[in-house]
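Okay, structure first, notes after.
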Amino acid sequence: MRHVSRQLLSGGAPDVAPLLLNKLLVHGECIGRIMEVEAYREDDPASHTFRGRTKRNAVMFGPAGHLYVYFTYGMHFCANVVTGADGSGAAVLLRAVEPVAGHEIMSHRRQGRPQLADGPAKLCQAFGIDARHNGADLLAGAGPGLFDDGTPPPDRPRISPRIGITKAVDVPWRWRV
DNA sequence: GGAACGATCTGC
DNA sequence: CAGATCGTTCCC
């Protein structure tokens, strides 16, 4: 199994997002197949980068292949794969993965709840992803990684507007298997 | 300095 | 459907 290529992530977020479906998120013994994603980019009112670079969103403006982790609602972390050219302020939000391995530890981290990773904050909790992983390189080294096991993205992913936002609510940048 | 608000989840 | 809970952002 090999890392996803940096090249694959170098395009615009709405182009890259559907290509991440069926890729594998790996962290420690936990493995999950990506089932749902959303795209965000700099000219997009719903994006954290819309109002320019800040300390919080700096990673999104960095090179593709790094992890942008943000804290929200006072208690949740969400994880994004940074895409596009260095300086472009775009990323793909990981909204859901299907657990492939590490069910036991995920279930423990999720306090026995049956839904392990079917939401952006739930998957971070299940995989033990938090602020320490903000900026991590997903394509090299230890820590969380993004892998390709040869499973292609779906030919006809479900496409719909993004969830939980209040701006650009009709932009259809949500893809799911 | 202060207030408003989340790319959410859970339990009622 | 409302409450939890706090860092970030924006406005005064």
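Numbered from 1 within each chain, the chains take letters A, B, ... in sequence-line order.
Under the 3.5 Å distance criterion, with hydrogens and angles disregarded, no donor-acceptor pair is assigned to the side chains of A/Arg41 and A/Thr49. A donor atom on one side chain and an acceptor atom on the other are found under 3.5 Å apart for A/Arg110 and A/Gln125.
A donor-acceptor contact shorter than 3.5 Å links the side chain of A/Asn57 to the backbone of A/Thr54. Distance alone, capped at 3.5 Å, is enough to place a donor-acceptor pair between the A/Asp137 side chain and the A/Leu139 backbone. Between the side chain of A/Arg109 and the backbone N or O of A/Ala126, at least one donor-acceptor pair lies under 3.5 Å.
Between chain A and DNA chain B, the heavy-atom contact criterion of under 4.0 Å yields a 5' to 3' nucleotide range of B/dG6 to B/dG11.
A salt bridge links A/Arg95 with A/Glu38: at least one charged nitrogen is closer than 4.0 Å to a carboxylate oxygen. The residues A/Asp149 and A/Arg2 are annotated as not salt-bridged, no charged nitrogen and carboxylate oxygen being separated by less than 4.0 angstrom. Ionic pairing of A/Asp118 and A/Arg113 is not present here: no N-O contact between side-chain nitrogen and carboxylate oxygen is shorter than 4.0 angstrom.
Applying a 4.0 Å cut-off to non-hydrogen atoms, none of the residues of residues 165-177 of chain A approaches DNA chain C. Contact check of residues 11-29 of chain A against DNA chain B (heavy atom, cut-off under 4.0 Å) returns no residues at all. Shown for residues 99-129 of chain A: residues whose heavy atoms fall under 4.0 angstrom of DNA chain B, namely A/Arg110, A/Arg113, A/Gly119, A/Pro120, A/Ala121, A/Lys122. Sorted by residue number, the members of residues 71-81 of chain A with any non-hydrogen atom under 4.0 Å from DNA chain C read A/Phe71, A/Tyr73, A/Gly74, A/Met75.
Sorted by first and then second residue, the ring-ring contact (aromatic ring centres under 6.0 Å, His included) pairs involving residues 76-106 of chain A (not counting sequence neighbours) are A/Phe71-A/Phe77. The list of ring-ring contact (aromatic ring centres under 6.0 Å, His included) pairs with a residue in residues 20-43 of chain A, not counting sequence neighbours, reads A/His27-A/His133.
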Provide a list of protein-nucleic acid N or O atom pairs under 3.5 angstrom, restricted to nucleotides 9-12 of chain C.
residue : atom : partner : partner atom : Å
C/dT9   : OP1  : A/Thr54 : OG1          : 2.4

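For the pair A/Met35/A/Arg176, no side-chain contact is recorded, criterion being any heavy-atom separation below 4.5 Å from C-beta on. Side chains of A/Gln7 and A/Ser10 form a contact here, defined as non-hydrogen atoms less than 4.5 Å apart. Taking 4.5 Å as the limit, every side-chain heavy atom of A/Leu9 sits out of range of all side-chain heavy atoms of A/Val92. Contact of the A/Asn22 side chain with the A/Pro152 side chain is not registered, since no non-hydrogen atoms from C-beta on lie closer than 4.5 Å. At a threshold of 4.5 Å between non-hydrogen side-chain atoms, the residues A/Val82 and A/Leu138 do not count as touching.
Within a 6.0 Å sphere centred on CZ of A/Arg6, other residues, nucleotides and ligands contribute more than 12 heavy atoms.
By the 4.5 Å side-chain criterion applied to Ile, Leu, Val, Met, Phe, Trp and Tyr, A/Phe61 is assigned to no cluster and stands alone.
Partners of A/Phe147 by side-chain contact (heavy atoms from CB on, under 4.5 Å), not counting sequence neighbours, listed by chain and number: A/Met1, A/His3, A/Leu24, A/Val26. Under the rule for a side-chain contact (heavy atoms from CB on, under 4.5 Å), the partners of A/Pro63 that lie at least two apart in sequence or sit in another chain are A/His66, A/Asp86.
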- Give DNA chain B the dot-bracket treatment, 5' to 3': Watson-Crick (N1-N3 with N6-O4 or O6-N4) or G-U (N1-O2, O6-N3) under 3.5 Å, [ ] crossing, | other strand. ||||||.||||.

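When all heavy atoms of A/Thr83 and A/Ser88 are compared, the closest pair comes out as O-OG, 3.6 Å.
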